[in-house]
Structure formats: structure tokens, C-alpha cells
There are 2 protein chains.
Amino acid sequence: MRTDNRLSRVLHALLHLQDLDGPATSEQIGMMLNTNAAVVRRTMGGLREAGFVASVKGHGGGWTLARPLDQITLLALYDALGEPSLFAVGRSEDAPGCQLEQAANAALSSALDAARARFRQELSEVTVADLRDRTAPGFSV
Amino acid sequence: MRTDNRLSRVLHALLHLQDLDGPATSEQIGMMLNTNAAVVRRTMGGLREAGFVASVKGHGGGWTLARPLDQITLLALYDALGEPSLFAVGRSEDAPGCQLEQAANAALSSALDAARARFRQELSEVTVADLRDRTAPGFSV
DNA sequence: AATTCATGATACATATGATGTTACATGATA
DNA sequence: TATCATGTAACATCATATGTATCATGAATT
């Protein structure tokens, strides 16, 4: 199944943004992410609304960081993207009235909820700045 | 995104199987699950190979439990299904050589791994028999 | 032995949703 | 006014879980 790569992509994009002087255009970011400018606009839109980046139209415009990376947790980004559905495994809805199916779904949901909580906890403990620190010493674009 | 419902479905099917006397045909199970007999065969095939159910061809044939439900954990079923890919969110592979993307992916993978471990732990602590116990008292098909 | 039932296996169709792509309106700078 | 860049919408592509159809094989019934 094709996975949703937006979180990874915006992380990648934000890390690049910090290494740049001025604003980066969607086109430029698209080159870094090996994708289309329209995809960049669509994906970064959520981050703008959440106040993590700013976008400016016209000449010299583009995307800039609106907040230091050490004040952006991965969880905040995930939520800014609309909290994309996390799982490729889910409940069945074959026989909603059947108690046996309900029991099966309840157990599955319970496990998925626990996994989701763990995922969110992990994301909440890391900032984007932490990721930059984890690249090789002296590394720059 | 369309989710993989196989685990929920086989749980549902096993619970029904226990409530039946003889073997159940794929056709019958398909009715319970509101799906096709071929889908049932395909899905249950993994459980047969893992020794949780047995299938018999021909007249009076069908599917039967090969082991008491209290000896089948949800995790064992999940693995018998081939450990279906759990997440709808994943790494990007836009610029494999880029250290920044690598750092982003490493953090994401770490969170996903933790979530997967939690999911598997939850599944390992519940047997199919436990689910049956959770239906309303006196409930039967 | 022939018939019927049921699984086993394969191939193909369908549906869904993330991503890719194109096009154009809007706003900002030169 | 021309150019650049975002904002937005519509549509195309692609991957894949599930649905569907078909036939070979094996087992019980007659």
C-alpha cells in the first residue's frame, strides 16, 4: 500500500529551509523533495495555517520558517498535516450488528489506540532541531 | 485509504467457527463476513498453514478449528496472515543520499517501530477466547 | 463409476486514496 | 505593466486490498 509520506517530507523541507538564507520557492523545495511545486504548496499549507512557516507571494517570495526549529515538535507537524490516518490495518464493517464482529473490532481498536498513543508520544519528544543535530558533524547543504 | 481488514475478519470467523458444530464452508463464512467465498479461502489459507484451522475438501468439508481458541493469540493470527503492513504513514524516498532526509526518516522510523512494538504487545496479551468472553453473557449465534 | 460438493489456485476487475500534473486566478515586486 | 510566486481546483496516475470469475483437484454420496 502506498504510504503517506507527508510528515517525512515536511521534516526534510524544514531542515533545508533552516540552511537557506532567504525564502525558498515551492519550485526549489520541489527539487529537494523530488516532487512537484503544487505538491509542496498543498503539503506546506497546513504548516502555514499552524504558524510554523510563512509564505509570501510574488517576486522574491516563497517559504520561510516562522518559528525556531527547536520549538516545533514532530507531533505538532503531524497534527498540522491534519493528523493523517496512521494505520493500514483497520476494523471490518461486514456485519455491524454481530456481537462477534464487534468483539473482534473492539480488541483490534484497543491495540491500534495503544499503538497510536505510543506513536504520538514518540513524536512529542523530538523537535525538528533535534533532527538537525543528528546529522553528521559539520554537515551542511 | 482502504484498510486491511483481514485480522478483524479472521477473528470474527474463528469466533463463529467455535459456535458451530461441524465444519463451515467458505460460502457460509462468506455470508457471515458479507464477502465472497474466494476471499475467505484466500484469507484463511494463512491460518491453515499456521495450524490454527483445518480445511477439508469435498462433501461435508469446510473449515474447522484445529486448536482451542484460548491457545490462539491475536498476535499469532496477525503473523499467520503474513504480518500485514501496519502503517499508512511511511518514509519518503525522495532523496536517498540527503542527510537531512535520512535524519527525518530515522526519526519517523523510530516512532513507527515503537508503535509497532506496542501494537504487537497488545495483540500478544489477548487470545481469541478472551474475545468470546467479552460478548454479552449468554450470547449465542 | 458418476455426480455433487468444496477447497486450491490463478487471473482479472473494481474501488479507493495518496501523489502527480496541469491550468489559471490572485497578489506582490520590479 | 510584466514577471514571479502562491492558492486553488480539477483531473490523471499508480498502487493495492478486495471483489469476482473460472477451473482443476480431491472427497463423499449415489
Side-chain angles (χ1 to χ4, degrees), chain A residues 1-10 12-13 17 20 22-31 33-49 53-64 66 78 81-95, chain B residues 1-10 12-13 17 20 22-31 33-49 53-64 66 78 81-95:
Chain A
M1 176 178 295
R2 187 174 213 177
T3 57
D4 182 330
N5 298 322
R6 285 178 293 164
L7 178 56
S8 177
R9 282 186 154 173
V10 298
H12 185 187
L17 271 185
L20 297 175
T25 68
S26 301
E27 194 70 39
Q28 291 173 313
I29 297 174
M31 301 280 276
L33 303 192
N34 202 33
T35 186
N36 195 288
V39 173
V40 173
R41 294 192 193 105
R42 182 165 45 190
T43 306
M44 298 283 281
L47 306 196
R48 181 187 57 241
E49 288 166 25
V53 297
S55 62
V56 174
K57 285 182 173 182
H59 246 106
W63 300 86
T64 51
Y78 178 68
L81 290 173
E83 197 176 358
S85 77
L86 182 55
F87 298 109
V89 165
R91 305 158 55 98
S92 60
E93 301 293 341
D94 303 321
Chain B
M1 177 177 296
R2 185 173 214 177
T3 57
D4 182 330
N5 299 323
R6 285 178 294 164
L7 178 55
S8 176
R9 282 185 153 173
V10 297
H12 184 188
L17 270 186
L20 298 175
T25 67
S26 301
E27 194 70 39
Q28 291 173 315
I29 298 174
M31 303 280 276
L33 304 191
N34 202 33
T35 185
N36 195 288
V39 174
V40 173
R41 294 191 192 106
R42 184 169 29 189
T43 307
M44 297 284 280
L47 306 198
R48 181 188 55 240
E49 288 166 24
V53 297
S55 61
V56 174
K57 285 184 174 181
H59 244 106
W63 300 86
T64 51
Y78 178 67
L81 290 173
E83 197 176 357
S85 77
L86 182 56
F87 298 110
V89 165
R91 304 157 56 98
S92 61
E93 301 293 342
D94 304 322

Query raised in the report: Under 3.5 Å, is there a donor-acceptor pair between the side chain of Tyr78(B) and the main chain of Pro84(B)?
Result: yes
Requested in this report: Name the nucleic acid region contacted by Asp4(A), choosing base, sugar-phosphate or nothing; use a 4.0 angstrom heavy-atom cut-off, strictly under.
Outcome: sugar-phosphate
Requested in this report: Indicate, with a heavy-atom threshold strictly under 4.0 Å, whether Arg42(B) touches base, sugar-phosphate, or nothing.
Outcome: base
Report summary line: Scoring nucleotides 1-9 of chain C by protein non-hydrogen atoms under 4.0 Å (B base, S sugar-phosphate only, - none) yields ---BBSBB-
Query raised in the report: Run the side chain to side chain contact (heavy atoms under 4.5 Å, CB included) check on Thr3(A) and Phe87(B) step by step: do they pass?
Result: CA-CA 7 Å; Thr3(A) 57; Phe87(B) 298 110; 5.9 Å; no
Requested in this report: Name the pairing partner of dA30(C), where a pair is Watson-Crick or G-U wobble with both distances under 3.5 Å, or state none.
Outcome: dT1(D)
Query - Which residues share a salt bridge (Lys or Arg N to Asp or Glu O under 4.0 Å) with Glu49(A), sequence neighbours left out - result: none
Query raised in the report: Reckon Arg9(A) has a side-chain N or O less than 4.0 Å from the OP1 or OP2 of dG20(C)?
Result: yes
List the atom pairs, with distances to 0.1 Å, where a side-chain N or O of residues 40-47 of chain A and a protein N or O form a donor-acceptor pair under 3.5 Å, not counting sequence neighbours.
unit_1: Thr43(A); atom_1: OG1; unit_2: Val39(A); atom_2: O; d: 2.7

Could you tell me the separation between the [atom1] atom of [X] and the [atom2] atom of [N], rounded to a whole number of Å?
X        : N       : atom1 : atom2 : answer
Arg6(B)  : dT16(D) : CZ    : C1'   : 11 Å
Asp94(B) : dA18(C) : CG    : P     : 17 Å
Arg2(B)  : dA13(C) : CZ    : C1'   : 12 Å
Asn36(A) : dT6(D)  : CG    : P     : 12 Å
Phe87(B) : dA17(D) : CZ    : P     : 16 Å
Glu93(B) : dA18(C) : CD    : C1'   : 16 Å

Query raised in the report: When rounded to the nearest 0.5 angstrom, what distance separates OG in Ser92(B) from CG in Leu7(A)?
Result: 9.5 Å
Report task. Answer with yes or no whether the side chains of Trp63(A) and Thr25(A) bring together a donor and an acceptor at under 3.5 Å. Result -> no
